[in-house]
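Below you'll find the structure, written out as structure tokens, and then a few comments.
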Amino acid sequence: MFSFLSFQKALAQQIPKVVSSRKRQSAAVAILLSPKKEILMIRRADKKGDPWSGHMAFPGGRYEESDGDLKSTAERETHEEIGVDLKSRGQYLGRLDDLQHPRLVVSAFVYA
């Protein structure tokens, strides 16, 4: 049966593979799960020169020095892009393995 607790337990039982990278070459996304077994995704804006222009994606973006850590990056970007304040309205469930892309490292953080 689907529950946020089961996701949280599963994520807690594994150690995510974190790729060492300079933070300026890092990005973070938030994976938002709803009680209705839905996952929130966005459609990226069409922008010339953006290799991900118009793609389906999770809310997120590049690390900024003011973020402090990548989890904060995911939270800031989610608030900027879709207006959801994960610090006050989200329940953090855990972190997935980092994804090494040729241009940057992407870290994913899961929230209810």
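- Counting all heavy atoms, side chain and backbone alike, P59 lies closest to I82 at CG-CD1, 4.2 Å.
- Between the CG atom in L86 and the CZ atom in R89 there is a gap of 9.5 Å [rounded to 0.5 Å].
- Residues V19 and D97 fail the side-chain proximity criterion, which asks for heavy atoms closer than 4.5 Å.
- Scanning both residues, D67 and R76, for their nearest heavy atoms gives OD1-NE, 2.6 Å.
- In the hydrophobic cluster analysis, where Ile, Leu, Val, Met, Phe, Trp and Tyr join through side-chain heavy atoms closer than 4.5 angstrom, L96 is grouped together with M56.
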I'd like a table of donor-acceptor pairs (distance under 3.5 Å, sequence neighbours excluded) in which one partner is a side-chain atom from residues 101-112, with atom names and distances.
unit_1	atom_1	unit_2	atom_2	d
H101	ND1	R103	N	3.0
S107	OG	R95	NH2	3.0
S107	OG	D98	OD1	2.9
Y111	OH	E75	OE2	2.9

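- Here the closest non-hydrogen pair linking A30 and A74 is N-CB, 4.2 Å.
- Interatomic distance, Y63 OH to Q25 CD, rounded to the nearest 0.5 Å: 13.0 Å.
- Taking CG of D46 as the start and NE2 of H55 as the end, the distance is 9.5 Å to the nearest 0.5 Å.
- Here the side chains of L93 and I31 are not in contact, with every heavy-atom distance at 4.5 Å or above.
- At a threshold of 4.5 Å between side-chain heavy atoms, the hydrophobic network of Ile, Leu, Val, Met, Phe, Trp and Tyr places L33 and M41 in one connected group.
- Considering only heavy atoms from C-beta on, F58 stays 4.5 Å or farther from T78 through its side chain.
- Residues D50 and R44 share a closest heavy-atom pair of OD2-NH2, 2.7 Å.
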